[in-house]
2 protein chains.
Amino acid sequence: MDKVFEALASTPRRKILAYLAEVDLTAGEIAARFDMSKPAISKHLQILENAGLVASEKRGQFVHYSLVRENLLNTLNGFVQRVCPVSTPLKRESAALRETRRSDPEE
Amino acid sequence: MDKVFEALASTPRRKILAYLAEVDLTAGEIAARFDMSKPAISKHLQILENAGLVASEKRGQFVHYSLVRENLLNTLNGFVQRVCPVSTPLKRESAALRETRRSDPEE
DNA sequence: TAAGCGATTAACTCATTAGTTAAATAGGAC
DNA sequence: GTCCTATTTAACTAATGAGTTAATCGCTTA
């Protein structure tokens, strides 16, 4: 959880997540979208992966990155629950996502 | 938004928010719950207030701090929307909270 | 096998953050 | 006014984070 919030604290990292929300990308494709060196992006990707927010898969010489939505939702949901115990915020979202994944042929 | 995620990146600050979710507290009462100096807590509170996550009110020599739920929910909601556009996560929560506040005699 | 490209690691710099103690500010009580 | 308490500000230190360039690793292909 600490790692997730730590990872989310950086604007470029949140931007990476936003890109990956649209489509899976290789490290190079991600780097091309930023005005920043590749090693810098590589480090950001490591942090995101270490936080469980993205997954990487090496295919040939490319490394493909994809978003891991579940951990993000669970973490934010858990925190919101603790701080705003008024109702049940992201529960429906998480449930909906799990449902989506279950019927998703990929992955 | 950057400020919010920045503020949430610190464990003690998230803990402060959790305390304030239960009850309003003075700066001293908050500091008493941590193994940390008062100036350190004061700085954390400033960061939280600057991010719009807490509000302070000086009453006599005490400064009372309270949680500002709306900004937290809106920010997290907005981000989740961008990254998980699958459905409508925190919208109901925000709506419910606004409803609560509207009919709340306090504040 | 040599060249080239994608990606990461290494080594380093610079700026920022988190914490400290000591001092200042401001209210309340005597 | 003087003292005491609550809180913040100032000044400083130590650790961490974000970025750089150069070097390395691994895969592809000619």
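Naming convention: chains lettered A, B, ... in sequence-line order (proteins, then strands); numbering from 1 in each chain.
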>> Looking at every heavy atom in both A/K38 and A/A31, which two are closest together, and how far apart are they?
In response: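 So the two residues come closest at CG-CB, 3.8 Å.
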>> Quick check: closest heavy atoms across A/R14 and A/L8, and the distance to 0.1 Å?
In response: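 Looks like NH1-O, 2.7 Å.
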When the distance from [atom1] of [X] to [atom2] of [N] is rounded to whole Å, what number comes out?
X: B/F62; N: C/dG27; atom1: CZ; atom2: P; value: 13 Å
X: B/K43; N: D/dA11; atom1: NZ; atom2: C1'; value: 10 Å
X: A/H44; N: D/dT16; atom1: NE2; atom2: C1'; value: 14 Å
X: B/K15; N: C/dA18; atom1: NZ; atom2: P; value: 16 Å
X: A/I47; N: C/dT9; atom1: CD1; atom2: P; value: 12 Å
X: A/L45; N: C/dA7; atom1: CG; atom2: P; value: 10 Å
X: A/H64; N: C/dT8; atom1: NE2; atom2: P; value: 12 Å
X: B/E6; N: D/dG17; atom1: CD; atom2: P; value: 11 Å

> Step by step, would you call B/V80 with A/L76 a side-chain contact (heavy atoms from CB on, under 4.5 Å)?
Replying inline: CA-CA 9 Å; B/V80 167; A/L76 294 186; 3.5 Å; yes
State which of [options] makes the closest approach to the side chain of [X].
X: B/P39; options: D/dT7, D/dG19, D/dT9; value: D/dT9
X: B/S42; options: D/dG17, C/dA11, D/dT8; value: D/dT8
X: A/V63; options: C/dT8, C/dT21, D/dT5; value: C/dT8
X: B/S37; options: C/dG4, C/dT20, C/dA11; value: C/dT20

>> Categorize A/Y65 for me: base, sugar-phosphate, or nothing, with a 4.0 angstrom heavy-atom threshold over every strand shown.
In response: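 Contact class for A/Y65: sugar-phosphate only.
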> What is the nucleic acid contact for A/R59, judged by heavy atoms within less than 4.0 Å: base, sugar-phosphate only, or nothing?
Replying inline: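 No contact at all - A/R59 keeps every heavy atom at 4.0 Å or more from the nucleic acid.
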>> I'd like to know if A/K38 reaches the base of C/dG6 with its side chain, counting only an N/O donor and acceptor under 3.5 Å.
In response: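 A donor-acceptor contact between them is absent.
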>> For D/dT28, does the base pair up with any side-chain atom of A/Q61 as donor and acceptor (N or O, under 3.5 Å, distance only)?
In response: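 There is none.
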> Is it true that a side-chain atom of B/R69 and a backbone atom of A/C84 form a donor plus acceptor pair closer than 3.5 Å?
Replying inline: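 Looks like no, no N/O pair under 3.5 Å.
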> Quick check, are the ring centers of A/F5 and B/F5 under 6.0 angstrom apart?
Replying inline: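 Judged by ring-centre distance (under 6.0 Å), A/F5 and B/F5 do not meet the cut-off.
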>> Between A/Q46 and A/K58, which residue's closest nucleotide on DNA chain C lies nearer the 5′ terminus?
In response: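 Nearest nucleotide further toward 5': that of A/K58.
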>> Measuring to OP1 and OP2 of D/dT7, would you say a side-chain N or O of B/T26 lies under 4.0 angstrom away?
In response: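 For D/dT7, OP1/OP2 do have a side-chain N/O of B/T26 under 4.0 Å.
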> Starting at the 5' end of DNA chain D, which residue's closest nucleotide do you reach first, A/A40 or B/E29?
Replying inline: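 It is B/E29, whose closest nucleotide lies nearer the 5' terminus.
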